[in-house]
K.L.:
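Below is a structure I'd like to ask you about.
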Amino acid sequence: SPVDGIYKGLPWEDSGSMSADEPWSGHYKVWPQIWAIAHTTQFAKPGWKYLDSGCGLLSTDKMNWKGSFVTFKDPVSQDWSMVVCTDSATTIKVVLQNDLNSGPVYVWHSDSIEQFVCIDTIKVENNSFSFPLKEISIYSFTTTTGQKKGSKEIPESEPFPFPYADNYDNYSPGDIPKYHTDQKGSFEIHNMPGRGLCLRQVLPKQGYLWYWRLDEKIKPYTVLGNQDWTDYSVSADVFIQGGNVEIGGRFDDQYKLTYGLSIDETGTWNLKYKDDILASGVLKGFDKAKWYNLCLEMDGENITAYIDGKKVAVVRDKSRNSGMSFLASTYNANCFDNLSITPVKRMSNKNK
């Protein structure tokens with residue numbers, strides 16, 4: 001990923017060249033990789049050409065590979081830039097040919113300590129120059145100017161907004177709602193006749209799995225929230241077209257959904273932790289044409305399930321004490337609405 005916009009605790013977080021995974025706060029991090037990229041993007045423009053004679057290895061000894069270099073040329077102005085990546089310390093000698101601009105040559109450098117610094121200006125003599133290179137570094141030699149290391153005041157990091165609610169009314173059909181991160185399947189805004197805007201799982205079947213550890217048995221799901229959340233309740237209205245729908249919390253495993261309350265098209269409900277069924281039952285008078293409200297409350301070891309405000313199960317389980325919330329569905333056009341995530345309301349001692 002060019003930019004990491006992945007929740008903490010999800011696979012492949014902290015990948016890419018910079019991190020921007022807090023859209024609610026605007027906080028972001030610029031990592032050293034961004035300046036490695038800038039060693040090319042700030043020294044060559046669209047239309048520039050590679051010079052074949054200016055690309056190669058710093059050593060022909062395959063057992064003592066010192067690094068590599070590429071050179072770009074502006075076909076109009078004869079300006080040029082050379083980007084060098086070193087593995088070990090060495091000295092480079094550059095000979096300019098074919099009327100290339102002979103300078104001055106500006107030298108920019110990055111390593112693990114400091115990135116994107118103009119460290120020297122070389123005066124070219126007799127169309128050549130030499131320069132000592134440090135190990136594990138990136139250099140840009142250039143006859144161009146105007147490069148700079150940008151700076152901006154970065155907003156402070158803030159936790160995910162809590163409590164959180166979304167009725168999905170402030171979107172358009174086909175939108176992906178903010179903060180929802182689909183891990184399998186696809187959840188989009190849908191305009192349901194007689195209901196209005198809601199969230200719907202839209203994929204009709206399993207696609208090709210690109211990663212062997214992805215279990216085909218895992219149904220589509222989307223996550224949101226904070227991995228530090230501990231005691232909270234998650235609720236949502238659900239509409240079942242087929243298969244089953246599920247809400248859950250304390251998510252921590254890409255391959256197994258954690259605490260979840262599901263209901264299927266026959267009215268059968270299950271309270272689960274991963275593959276373990278903690279409680280189950282059948283909803284009396286179930287009507288597939290109706291919306292139902294599911295609520296899962298996680299308070300320490302006490303896990304409580306509600307359907308339409310009625311408590312259907314209370315279990316004690318300490319398998320997992322924190323994690324994000326999630327919505328899940330089989331590969332059916334099942335819908336969700338009025339998502340609400342709130343802290344657990346505890347009674348005072350005298351009211352217990």
Side-chain angles (χ1 to χ4, degrees), residues 5-13 21 160 164-166 168 171 174-190 198-227 229 232-265 268-278 292-298 303 305 319-320 322-341:
I6 303 171
Y7 280 122
K8 301 301 179 186
L10 292 182
W12 305 291
E13 63 164 313
D21 53 12
F160 188 94
Y164 182 78
D166 198 341
Y168 305 113
Y171 303 98
D175 285 351
I176 298 173
K178 63 182 182 181
Y179 311 152
H180 292 54
T181 301
D182 299 352
Q183 298 300 293
K184 201 175 182 188
S186 184
F187 294 78
E188 299 177 2
I189 299 300
H190 169 65
C198 59
L199 185 66
R200 182 174 67 165
Q201 198 293 121
V202 300
L203 291 189
K205 63 179 181 179
Q206 170 76 56
Y208 291 105
L209 295 176
W210 64 273
Y211 185 44
W212 68 269
R213 288 194 64 189
L214 289 176
D215 190 340
E216 290 189 8
K217 296 179 182 179
I218 300 175
K219 59 191 173 187
Y221 69 98
T222 186
V223 300
L224 73 161
N226 192 312
Q227 288 288 37
W229 284 352
Y232 64 95
S233 65
V234 54
S235 71
D237 297 337
V238 299
F239 187 84
I240 308 166
Q241 297 278 12
N244 66 67
V245 292
E246 183 175 356
I247 65 168
R250 294 182 177 174
F251 171 85
D252 78 323
D253 190 339
Q254 180 191 15
Y255 310 110
K256 301 284 186 181
L257 296 177
T258 44
Y259 293 111
L261 173 61
S262 68
I263 187 169
D264 69 17
E265 57 188 332
T268 301
W269 58 266
N270 287 292
L271 175 59
K272 298 172 59 178
Y273 178 77
K274 296 190 176 181
D275 290 332
D276 297 330
I277 297 178
L278 307 178
Y292 289 88
N293 179 266
L294 303 183
C295 179
L296 181 65
E297 181 180 275
M298 295 154 288
I303 313 298
S319 300
R320 174 74 180 170
S322 67
M324 294 184 289
S325 62
F326 67 85
L327 304 175
S329 166
T330 49
Y331 284 101
N332 302 93
N334 295 321
C335 298
F336 302 83
D337 203 358
N338 297 323
L339 172 66
S340 177
I341 306 168

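What you see is a predicted model; the values in this text were computed from it and never measured. Nothing fancy with the numbering, it's 1 onward along the sequence.
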K.L.:
Side chain to side chain contact (heavy atoms under 4.5 Å, CB included) with I247: which of I263, I341, L327, N293?
P.N.:
L327

K.L.:
Between T330 (side chain) and N244 (backbone), is there a donor-acceptor pair under 3.5 Å?
P.N.:
yes

K.L.:
Taking C-beta and beyond as the side chain, do M298 and V234 meet within less than 4.5 Å on heavy atoms?
P.N.:
yes

K.L.:
CE of M324 to CG of D252: how many Å apart, nearest 0.5 Å?
P.N.:
9.0 Å

K.L.:
Under 6.0 Å between ring centres, would you say that holds for F239 and H190?
P.N.:
no

K.L.:
Just how far is it from atom NZ of K184 to atom OH of Y331, taken to the nearest 0.5 Å?
P.N.:
4.0 Å

K.L.:
Between L10 and Q183, is the side chain to side chain contact (heavy atoms under 4.5 Å, CB included) condition met? List the steps.
P.N.:
CA-CA 9 Å; L10 292 182; Q183 298 300 293; 3.7 Å; yes

K.L.:
According to the interplanar angle, ranging from 0 to 90°, do the rings of Y221 and F326 count as parallel (below 30°), tilted (30 to 60°) or perpendicular (above 60°)?
P.N.:
perpendicular

K.L.:
I'd like to know if the side chain of T181 and the backbone of L224 have a donor-acceptor N/O pair within less than 3.5 Å.
P.N.:
no

K.L.:
Which distance, rounded to the nearest 0.5 Å, do you find between the CH2 of W269 and the CD1 of I277?
P.N.:
10.5 Å

K.L.:
What residue among Y164, F187, Y168 forms ring-ring contact (aromatic ring centres under 6.0 Å, His included) with H180?
P.N.:
Y168

K.L.:
Closest approach of Q254 and P11, non-hydrogen atoms and distance?
P.N.:
OE1-CG, 3.1 Å

K.L.:
Do N334 and I240 have side chains that get closer than 4.5 Å, going by heavy atoms?
P.N.:
yes

K.L.:
Supply the atom-to-atom distance N270 CG to D264 CG, rounded to the nearest 0.5 angstrom.
P.N.:
7.5 Å

K.L.:
In sequence, state the C-alpha distance, the side-chain angles, and the governing distance for T258 and Y273, and then conclude on side chain to side chain contact (heavy atoms under 4.5 Å, CB included).
P.N.:
CA-CA 5 Å; T258 44; Y273 178 77; 3.9 Å; yes

K.L.:
Do D253 and K274 come close enough that some side-chain heavy atom pair is under 4.5 Å?
P.N.:
yes

K.L.:
Just by distance, do the side chain of Q201 and the backbone of N332 share a donor-acceptor pair under 3.5 Å?
P.N.:
yes

K.L.:
Please round to the nearest 0.5 Å and tell me the distance separating atom OG1 of T222 and atom CD of E188.
P.N.:
11.0 Å

K.L.:
Return yes if a side-chain donor-acceptor contact under 3.5 Å exists between Y171 and D166, otherwise no.
P.N.:
yes

K.L.:
When you look at CD1 of I176, are more than 12 heavy atoms from neighbouring residues, nucleotides or ligands closer to it than 6.0 Å?
P.N.:
no

K.L.:
The test is side chain to side chain contact (heavy atoms under 4.5 Å, CB included); show your working for R250 and I303 and say whether it passes.
P.N.:
CA-CA 11 Å; R250 294 182 177 174; I303 313 298; 4.0 Å; yes

K.L.:
Which residue is it: F160, Y7, Y259? I am looking for the one with a ring-ring contact (aromatic ring centres under 6.0 Å, His included) to W229.
P.N.:
F160

K.L.:
Would you give the length of the straight line joining atom CG of L203 to atom NZ of K219, rounded to the nearest 0.5 angstrom?
P.N.:
15.0 Å

K.L.:
Determine, step by step, whether I189 and L199 satisfy the side chain to side chain contact (heavy atoms under 4.5 Å, CB included) criterion, reporting the C-alpha distance in whole Å, the side-chain angles of both residues, the deciding distance to 0.1 Å, and the verdict.
P.N.:
CA-CA 5 Å; I189 299 300; L199 185 66; 4.3 Å; yes

K.L.:
Between P220 and S329, which heavy-atom pair has the shortest distance, and what is it?
P.N.:
CD-O, 2.8 Å

K.L.:
Could you report the tightest heavy-atom contact between C295 and L261, atom names first, then the distance?
P.N.:
O-CD2, 3.5 Å

